[in-house]
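Chain naming here is simple, since letters A, B, ... match the order of the sequence lines and numbering starts at 1 in each.
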Protein chains: 2
Amino acid sequence: MVNDDTRIQRDRRARILEAGLEVFSVEGFAGATLDGLANAAGLSKPNLLYYFPSKEAVYLALLERLLDTWLDPLRVLDPDGDPVVEFLAYVRRKLHLARDYPRESRLFAGEVLRGAPVLAPELSGDLRKLVDAQARVISGWMAAGRIAPSEPHHLIMSVWALTQHYADFAVQVSAVLGDTRDPWEEAEAHLTTMFTRMLTG
Amino acid sequence: MVNDDTRIQRDRRARILEAGLEVFSVEGFAGATLDGLANAAGLSKPNLLYYFPSKEAVYLALLERLLDTWLDPLRVLDPDGDPVVEFLAYVRRKLHLARDYPRESRLFAGEVLRGAPVLAPELSGDLRKLVDAQARVISGWMAAGRIAPSEPHHLIMSVWALTQHYADFAVQVSAVLGDTRDPWEEAEAHLTTMFTRMLTG
DNA sequence: CGAGTATTTGACCGTCTGGTCAAATGAACG
DNA sequence: CGTTCATTTGACCAGACGGTCAAATACTCG
């Protein structure tokens with residue numbers, strides 16, 4: 001049969017990856033167990049291993065998929081648009097990404113925290129190229145006097161640091177703000193203010 | 001003998017905590033092993049357990065000690081000083097803390113990432129009080145028109161997010177900046193610029 | 001239906017891990 | 001020196017963990 005990917009295979013793999021996201025993002029790679037993974041996926045352990053050869057394979061597949069979903073919305077920075085509008089749109093996109101995909105954010109954070117044993121090559125490869133490209137656009141804006149000068153790479157990293165913080169340190173954010181407030185809504189206002197001032201000098 | 005803590009006990013406990021910091025900050029609680037811990041401390045496993053009853057006890061002792069060293073330099077915000085100078089000094093203090101104690105920073109980050117199973121009470125207790133106090137000082141400055149208005153809690157969290165980022169995501173920072181640059185020096189300049197603009201509107 | 005393949009599972013295994021224990025060693029002191 | 005207490009250790013254990021395997025079950029299609 002030429003059919004290489006049956007409906008059931010797609011379904012099981014998807015469920016395993018979903019479960020993996022849930023488990024790895026909370027327990028970390030070391031803390032997660034095959035039993036827990038299988039349980040969260042609603043499968044028996046050997047059944048899970050029928051679809052992925054090992055725990056590490058699930059983790060790898062997850063990280064691989066992550067980088068796509070994660071970096072893709074960040075590629076668009078139109079050099080010809082209004083710099084402040086463009087940049088603020090970028091900030092909002094990144095913030096919404098953290099808000100809507102907190103597990104992905106934490107999974108990524110956990111990897112990098114441990115020294116990125118798996119993701120290191122991607123970081124100094126694809127990621128760096130992406131940042132360099134955006135830094136060039138921003139540099140252009142600054143050179144043209146359209147936004148206040150600053151260090152573009154650090155500016156971009158500031159966006160990451162600030163947006164991811166709300167996802168990765170959600171517990172701390174809630175503890176500090178209290179339960180009655182909406183961190184994400186406030187974050188959007190705050191970051192808008194902050195980066196507007198940063199860019200307009 | 002009235003002496004309840006011999007020289008050798010202090011030494012061993014200190015070595016264990018030092019080893020724990022090294023190991024837990026890289027491997028996380030789940031990833032760390034007693035053997036690895038004992039090895040890093042230069043002790044045999046049962047010998048380590050002679051000083052701490054369990055792996056968790058080492059972790060707990062570490063987190064407990066952490067909060068002191070970690071939050072203490074952040075208490076000083078003089079309401080009567082120059083707001084921008086005061087706040088920038090705060091930022092620098094926090095940045096140097098992250099630079100000089102990256103393992104502590106990562107240990108803390110790992111805890112909070114996993115939902116702060118241990119530290120949660122402290123976060124909504126001591127930490128929140130500390131932040132509230134500082135937020136009040138900042139609010140006062142804003143009300144007096146001495147700095148541009150913004151949300152004080154988020155302003156403070158921005159400092160944390162940005163400074164810790166350079167320690168917790170050091171691998172990513174290096175990957176993005178390349179090996180020839182000095183992240184910490186650049187970070188200090190960048191954060192000075194950023195928060196100056198933020199505060200002066 | 002029946003043959004053949006895809007999927008699922010219970011039982012099992014070797015290894016690692018956190019932790020125990022009794023015995024050995026070392027230090028202090030009269 | 002001998003006694004006493006603190007420290008250290010090799011040997012050990014029970015449970016968890018990652019992973020295997022052969023057998024059972026479900027599914028597909030002629």
Do B:Phe29 and B:Glu111 come within less than 4.5 Å of each other through their side chains, counting heavy atoms only?
no

Can you give me every donor-acceptor pair (side chain of residues 174-185 of chain B, partner residue at least two apart or in another chain, under 3.5 Å) with its distance?
{"from": "B:Ser174", "atom 1": "OG", "to": "B:Ala170", "atom 2": "O", "distance (Å)": "3.2"}
{"from": "B:Arg181", "atom 1": "NE", "to": "B:Glu186", "atom 2": "OE1", "distance (Å)": "3.3"}
{"from": "B:Arg181", "atom 1": "NE", "to": "B:Glu186", "atom 2": "OE2", "distance (Å)": "2.9"}
{"from": "B:Arg181", "atom 1": "NH2", "to": "A:Glu151", "atom 2": "OE1", "distance (Å)": "3.4"}
{"from": "B:Arg181", "atom 1": "NH2", "to": "A:Glu151", "atom 2": "OE2", "distance (Å)": "3.2"}
{"from": "B:Arg181", "atom 1": "NH2", "to": "B:Glu186", "atom 2": "OE1", "distance (Å)": "2.8"}
{"from": "B:Asp182", "atom 1": "OD1", "to": "B:Trp184", "atom 2": "N", "distance (Å)": "3.0"}
{"from": "B:Asp182", "atom 1": "OD1", "to": "B:Glu185", "atom 2": "N", "distance (Å)": "3.3"}

Sugar-phosphate atoms are those with a prime plus P, OP1 and OP2; base atoms are the rest. Using that split, label each nucleotide of nucleotides 3-18 of chain D B, S or - for protein heavy atoms under 4.0 Å, 5' to 3'.
---SBBBB------SB

Which atom pair, heavy atoms only, marks the closest approach of B:Thr33 to B:Gly36?
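For B:Thr33 versus B:Gly36, the nearest heavy atoms are OG1-N, 2.9 Å.
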
Without decimals, in angstroms, what is the distance between A:Ile16 CD1 and C:dT8 C1'?
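Spelled out: CD1 on A:Ile16 to C1' on C:dT8 is 12 Å.
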
Would you mind reading off the distance between B:Phe52 atom CZ and C:dG19 atom P, rounded to a whole angstrom?
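Rounding to the nearest Å, CZ of B:Phe52 and P of C:dG19 are 13 Å apart.
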
Any sub-3.5 Å donor-acceptor pair from A:Thr192's side-chain atoms to A:Glu188's backbone N or O?
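Checking the backbone N and O of A:Glu188 against the side chain of A:Thr192, a donor-acceptor pair under 3.5 Å is found.
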
Any side-chain to backbone donor/acceptor pair from B:Lys94 onto B:Leu162? Under 3.5 Å, distance only.
no

